[in-house]
Amino acid sequence: MNAEQLIPILASTVAAATPLAYAAFGELVTERAGVLNLGVEGMMLVGAVAGFAVASQSGSLTLGFAAGMVCGMALAALFAMLTLSLHTNQVATGLALTLFGVGLSAFAGRNFVGQTLTGLQPLTIPVLGDIPFLGPLLFHFDLMVYGSLLLLATLLWFFGRSRWGLVLRAVGEAPAAAHAIGYPVTRIRYLAVLFGGAMSGLAGAYLSLAITPMWVEGMSSGRGWIALALVVFATWKPLRVLFGAYLFGGVTILQFYGQGIGLHVPSQWLSMLPYLVTIGVLVLISRNPKTILLNQPMSLGQPFHPH
C-alpha cells in the first residue's frame, strides 16, 4: 500500500473517531462526577435529528450544531432530574433514555428522511496543507476534528491542573466528604450530566452534518454504546479516550476499505468488527479488576442523599 492509498484511510479514521471522542469525553466528565448515564445513544440520535432539522431549515451548520447540543442537554436534564432529584436507578433510567431517544428521533425526523444538505467542509490551510503526506494527513480536516483535540487539552488541564477539576473528582470519589466541606454535590453532578448531554448531542450532530450530511433513522449505529465502552477502556483518562476513539474509528473504517486492501473476509464479519472489538477489549481489561478499580470513581452509579 502506497502513501496515496494510506492517506484517505487515515483521514477517514480520524473523521469516524471524532463523534466517538466527543461522546466519550462527555460521558467521561459525567462518570468522573459519580453519575452513570447509559443514555448516550439516545442523546446522540436526538442531537443528530435536531442538528439536521435546524441546519436544513436555517441553512446554518452552526445553528445545527448548537441545536444538537441543546437537545442533547435537554435529554440529559431529564435524566438528571430523575436520577439526582428523584433518585431513580441510574442504569434503568439511562436505558429508558436511550429507548426514548431512539423513538423520539425517529418520530421527529420522519419528514427529513431522504433529504440532504451541504455538510461541514474541511479547512484549507495555506502552506501547511501543501506539505507532502503530512499536509493532507494533518491539515485538511474540518473544525470539529481540531475542536476534539482542543477539548482533550482542556480536559487534561481541567482534571490535572484546575481547582474545579479536583472538586469534580472529589464529588465522584467521596460525595459525602465533598458535601461536608461545603461543595454542592448535586449541583455539580447536574452540570456534569448536562455537559455530557451537550457533547453527546454535538457528536450526533456531527454524524448528520459532517460524516453523512443527511438524516437516517438510527444513524448512530451503536456508537453511543461504543463511547460508553471507551470510557471504561480508557480507565477514565482523557488521553486514552482519544487513543481508543482512533482505534475504534480505524476498526470501523476497515469494514469499508477491507476488501480494497486485500482482506478476503466476508462483508458481514467486517460489519460486526467494531462491536466484536468493543466486546473483546472489555473482556480483556475486565480480567484484571485492579485495572478498572484504580481510576474508577468510587461512587459511580450510586445515589447521593445529602443530610
Side-chain angles (χ1 to χ4, degrees), residues 19-20 22-31 33-57 63-115 186 189-209 211-212 214-232 275 278 300-304:
L20 292 175
Y22 277 110
F25 282 145
E27 182 63 17
L28 170 69
V29 172
T30 301
E31 293 191 13
V35 181
L36 178 63
N37 185 356
L38 298 181
V40 176
E41 181 83 357
M43 294 186 292
M44 285 183 70
L45 283 170
V46 170
V49 70
F52 183 83
V54 170
S56 63
Q57 296 300 308
L63 289 178
F65 282 114
M69 293 179 70
V70 169
C71 289
M73 288 178 69
L75 257 67
L78 175 62
F79 172 86
M81 182 187 70
L82 292 171
T83 58
L84 301 180
S85 297
L86 302 179
H87 305 295
T88 60
N89 181 274
Q90 293 182 14
V91 173
T93 306
L95 293 174
L97 187 68
T98 286
L99 296 175
F100 176 69
V102 170
L104 178 62
S105 63
F107 177 76
R110 67 194 187 284
N111 294 327
F112 296 98
V113 174
Q115 296 185 26
T186 301
R189 286 185 167 182
Y190 257 96
L191 292 174
V193 171
L194 290 176
F195 176 80
M199 291 301 99
S200 293
L202 185 62
Y206 187 76
L207 292 175
S208 62
L209 299 179
I211 292 186
T212 52
M214 60 187 300
W215 164 248
V216 178
E217 184 179 334
M219 68 185 305
S220 57
S221 302
R223 288 180 176 88
W225 299 111
I226 294 178
L228 283 163
L230 268 178
V231 178
V232 181
Y275 312 103
T278 302
L300 182 61
Q302 301 175 10
F304 172 68

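As the structure is a computational prediction, the values presented were derived from the model and not from experiment. Basis for what follows: all heavy atoms, side chains included, without hydrogens, waters or symmetry-related copies.
Listed for the W215 side chain is a donor-acceptor partner under 3.5 Å among the backbone atoms of G109. Using modelled atom types, no side-chain atom of R223 and backbone atom of L20 make a donor-acceptor pair closer than 3.5 Å. Remark: side-chain polar atoms of T212 are not paired, donor with acceptor, to backbone N or O of S208 under 3.5 angstrom. Counting only distance, with no hydrogens or angles, the side chain of Q90 and the backbone of L36 share a donor-acceptor pair below 3.5 Å.
Of the inter-residue distances, the one linking L97 atom CG with M43 atom CE reads 6.0 Å to the nearest 0.5 angstrom. The distance from the CD atom of E41 to the CG atom of L99 is 10.5 Å, given to the nearest 0.5 Å.
In this structure, the side-chain contact (heavy atoms from CB on, under 4.5 Å) partners of A203, at least two apart in sequence or on a different chain, are P19, Y22, A23, M44. Listed by chain and residue number, nothing satisfies the side chain to side chain donor-acceptor pair (under 3.5 Å) test with Y275 (two or more places apart in sequence, or in another chain). Under the side-chain contact (heavy atoms from CB on, under 4.5 Å) criterion, A205 pairs with F65, L209, not counting sequence neighbours.
Nearest heavy-atom pair across M199 and G26 is CB-CA, 3.7 Å. Scanning all heavy atoms of the two residues, the minimum distance from T186 to F304 falls at OG1-CD2, 4.2 Å. Listed here is the closest heavy atom pair of A33 and R189: O-NE, 2.8 Å.
Screening residues 94-114 for side chain to side chain donor-acceptor pair (under 3.5 Å) gives no qualifying pairs among residues at least two apart or on separate chains.
Here the rule is side-chain contact (heavy atoms from CB on, under 4.5 Å) with S200, and of N37, V40, T30 only V40 fits it.
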Name every donor-acceptor pair, under 3.5 Å, that has one atom in a side chain of residues 69-84 and the other anywhere in the protein, sequence neighbours excluded.
{"residue": "T83", "atom": "OG1", "partner": "F79", "partner atom": "O", "Å": "2.8"}

Donor-acceptor pairs under 3.5 Å, side chain of residues 46-57 to any protein atom, not counting sequence neighbours: which ones?
{"residue": "S56", "atom": "OG", "partner": "F52", "partner atom": "O", "Å": "2.9"}
{"residue": "S56", "atom": "OG", "partner": "A53", "partner atom": "O", "Å": "3.0"}

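Using a 4.5 Å heavy-atom threshold, the side chains of V29 and E27 count as separate. Taking the side chain as every heavy atom from C-beta outward, L38 and V91 approach each other to under 4.5 Å.
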